[in-house]
Amino acid sequence: YQTALIGKYLNGYHDTTYRPPGWSKWFATFDGTGGIFRYFDYDVNDNGTIRHYGTGESDYKTDVLSRETEAFISSSVSQSKPFFAYVAPIAPHLPSRPAPRDAHTYDGLKAPRLRSFDEANVLDKPPWITQLPNLTSEEIARIDKRHENRVESLQAVDDLVEGVVDTLNGAGAMGNTYVFFTSDNGWHHGEHRIPMEKGRPYEEDIHVPLLVRGPGVARNSSTNKMALNTDYLPTFMDFACSPDPTICETLKAQKNWYVPDGRSLRPVLKRTASAWRNAMLLEAAAARGAPTSYGIRTVDSGTTKKGKYVEYEGTERELYDLGADPNELTNIYDPNAPPSDLVLRLHDLKGCAGTGCFTAENGP
């Protein structure tokens with residue numbers, strides 16, 4: 001396989017010519033240093049050479065990544081080489097600067113207004129939430145402006161996706177290629193009085209988009225089966241190995257073969273999945289006044305209800321019936337009640353590893 005990383009690699013990766021092994025093409029942007037993300041006037045590690053991009057319209061970072069991706073795909077196909085491209089634009093990370101052509105495209109757009117927006121009563125929440133005041137009109141205006149900028153910055157990402165699909169079609173490779181579109185985390189727009197940020201166990205944080213196109217994936221289909229970011233590695237390995245499974249079996253026989261906690265999404269995409277997880281583990285490091293937390297999120301199935309239970313370091317707990325309360329307005333945890341099934345299953349999920357997690361996730 002030809003392999004390419006194009007875009008963000010890791011926070012703190014900057015001012016270095018270091019290029020990790022295993023990549024045919026390395027075009028890594030220096031992002032996240034001190035929380036700063038640049039859309040113009042930035043440096044890139046281009047296969048071990050640091051290159052600078054300025055402030056011209058053609059230097060807009062998302063567009064540069066788009067051109068690099070299209071060139072990599074075209075080159076790989078022309079050489080009859082199978083390829084894997086990991087493409088990571090920074091949009092809509094703050095400061096969420098749109099491409100010049102997209103500025104003012106969504107002037108006046110407001111952020112979502114869920115029932116949890118500027119939540120009226122948070123006395124059932126942990127202290128790092130109860131201490132938050134109601135949002136002021138100025139804060140709400142900032143939330144809306146930030147959302148407008150984020151949406152405008154995503155228009156160039158939309159163009160990037162279109163360019164990738166057009167390049168695949170033009171090269172005659174679309175019929176043998178899977179395209180995964182996803183993100184790394186959700187985002188708050190004032191829900192539960194949280195004006196912005198991530199890293200909480202609430203629904204706004206843990207949901208990310210996942211759209212897949214490729215052979216055997218039914219058009220306009222969807223599923224409510226749970227997919228996790230730990231599923232990507234085994235999924236990509238599954239598809240990459242499918243032409244000649246004996247190669248991967250040889251690799252797996254080696255001593256240090258990594259066994260991921262996730263599972264291949266192939267049977268979900270092909271609609272052949274039988275037993276599948278109805279619970280997932282949530283983990284968050286201490287941040288923004290909240291301590292480390294572990295939680296469990298379930299979906300409706302024949303044996304479980306749609307719910308969430310979270311344990312924070314210390315004594316704080318949250319429990320929600322997501323079927324009746326999808327916006328997590330009422331914490332129903334009762335320290336005097338017998339432990340629920342979610343409490344017991346959470347402990348199983350915290351202690352599992354590798355394929356042993358499948359039993360804990362699938363439940364009874």
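Taking Ile, Leu, Val, Met, Phe, Trp and Tyr as hydrophobic and joining them when side-chain heavy atoms fall under 4.5 Å apart, one finds Y294 in a cluster with L281, I296, Y309, L319, I332, Y333, L342, V343, L346, L349. Hydrophobic cluster membership for L114: none, as no Ile, Leu, Val, Met, Phe, Trp or Tyr side chain comes under 4.5 Å of it.
Salt bridge status for R266 with D238: present, with a side-chain N to carboxylate O gap under 4.0 Å. Under a 4.0 Å N-O distance rule, the pair K198/D205 does not qualify as a salt bridge. Remark: R38 does not engage D59 in a salt bridge, criterion side-chain N to carboxylate O under 4.0 Å. Note on E203 versus K308: salt bridge recorded, some NZ/NE/NH1/NH2 to OD/OE distance being below 4.0 Å. Salt-bridge formation is detected for the pair E148/K145: a Lys NZ or Arg NE/NH1/NH2 atom is positioned less than 4.0 Å from an Asp or Glu carboxylate oxygen. With respect to R97 and E152, no salt bridge is recorded, no charged nitrogen being found less than 4.0 Å from a carboxylate O. No salt bridge links D300 with K305; every basic N to acidic carboxylate O contact stays at or beyond 4.0 Å. Ion pairing between K25 and E68 holds under the 4.0 Å rule for side-chain N and carboxylate O.
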Item checked: Stepwise side chain to side chain contact (heavy atoms under 4.5 Å, CB included) test for S264 and D231 -> CA-CA 6 Å; S264 172; D231 294 335; over 6 Å; no
Note to self: Could you walk me through whether T223 and W276 satisfy the side chain to side chain contact (heavy atoms under 4.5 Å, CB included) test, starting with their C-alpha distance in whole Å, then the side-chain angles of each, then the deciding distance to 0.1 Å, before giving a yes or no?
What the structure shows: CA-CA 12 Å; T223 178; W276 196 258; over 6 Å; no
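S96 pairs by the side-chain contact (heavy atoms from CB on, under 4.5 Å) definition with L94, N149, R150, S153, not counting sequence neighbours. For Y106, there are no ring-ring contact (aromatic ring centres under 6.0 Å, His included) partners two or more places apart in sequence or in a different chain. With sequence neighbours left out, F117 forms a ring-ring contact (aromatic ring centres under 6.0 Å, His included) with no residue at all. Y53 pairs by the ring-ring contact (aromatic ring centres under 6.0 Å, His included) definition with Y42, not counting sequence neighbours.
In summary, the side chains of S66 and T69 do not present any donor paired with an acceptor at a separation below 3.5 Å, with no hydrogens or angles considered.
Cation-pi contact between R263 and F358: present, with separation from the ring centre below 6.0 Å and deviation from the ring axis of at most 45°.
In D41, the CG atom is crowded: over 12 heavy atoms of neighbouring residues, nucleotides or ligands sit closer than 6.0 Å. Other residues, nucleotides and ligands contribute over 12 non-hydrogen atoms within 6.0 Å of the CZ atom of R113.
Interatomic distance, D63 CG to K61 NZ, rounded to the nearest 0.5 Å: 12.5 Å.
By the 4.5 Å heavy-atom criterion applied to side chains, L210 and F181 are not counted as neighbours.
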